[in-house]
S.K.: 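Take a look at the following structure, please.
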Amino acid sequence: TYTAVVDADATGSVGNSVVPTGGGDPDPECPSCDTDHPVADPVIVVAKTSDPVSGSEVIAGQAISYTLTATISDAATTAPLVLTDTLGAGLTFGA
């Protein structure tokens, strides 16, 4: 018995096999000497919220706080996750 760890950059599927030889004549049979495991793709859910909440009336000079949240499940990401957030017309970056 031994273990192997799936690499962070593994995609598609990972597998392993053993090739038995020797032990006498005839060579050993091995009907289940291969394994195959599909690698889960990450599930990425991105959300954006604001305070005051979307749909609320605002006035000139009022600050609106925005929060971006990325939730990653089922697997690690295999590339950088980039969130490009562009201010709309009538907004100036505050802090």
S.K.: Assigning hydrophobic clusters by single linkage (Ile, Leu, Val, Met, Phe, Trp, Tyr; side-chain heavy-atom cutoff under 4.5 Å), is L83 placed with L87?
M.R.: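 Per the 4.5 Å side-chain linkage, L83 and L87 are not co-clustered.
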S.K.: If Ile, Leu, Val, Met, Phe, Trp and Tyr residues are connected whenever their side-chain heavy atoms lie under 4.5 Å apart, and connections chain through other members, are V58 and L91 in the same group?
M.R.: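 Yes: a chain of side-chain contacts under 4.5 Å links V58 to L91.
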S.K.: For residues P52 and S50, report the shortest heavy-atom separation together with the two atoms involved.
M.R.: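 Scanning both residues, the minimum pair turns out to be O-OG, 2.8 Å.
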S.K.: What's the verdict on side-chain contact (heavy atoms from CB on, under 4.5 Å) for T84 and V82, showing C-alpha distance, side-chain angles and the deciding distance?
M.R.: CA-CA 6 Å; T84 303; V82 177; 3.9 Å; yes
S.K.: For residues 59-71, which side-chain donor-acceptor pairs fall under 3.5 Å, sequence neighbours excluded?
M.R.:
| from | atom 1 | to | atom 2 | distance (Å) |
| --- | --- | --- | --- | --- |
| Q62 | OE1 | I59 | N | 3.1 |

S.K.: Could you pull out all donor-acceptor pairs under 3.5 Å where a side-chain atom in residues 30-42 meets a protein atom, sequence neighbours excluded?
M.R.:
| from | atom 1 | to | atom 2 | distance (Å) |
| --- | --- | --- | --- | --- |
| T35 | OG1 | N16 | N | 3.3 |
| T35 | OG1 | N16 | O | 3.4 |
| D36 | OD1 | S13 | OG | 3.2 |

S.K.: Does any non-hydrogen side-chain atom of I72 lie less than 4.5 Å from one of V43?
M.R.: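 No; the side chains remain at least 4.5 Å from each other.
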S.K.: Check salt bridge (Lys or Arg N to Asp or Glu O under 4.0 Å) between D85 and all other residues, then give those that pass, not counting sequence neighbours.
M.R.: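 Checked D85 against salt bridge (Lys or Arg N to Asp or Glu O under 4.0 Å); matches are K48.
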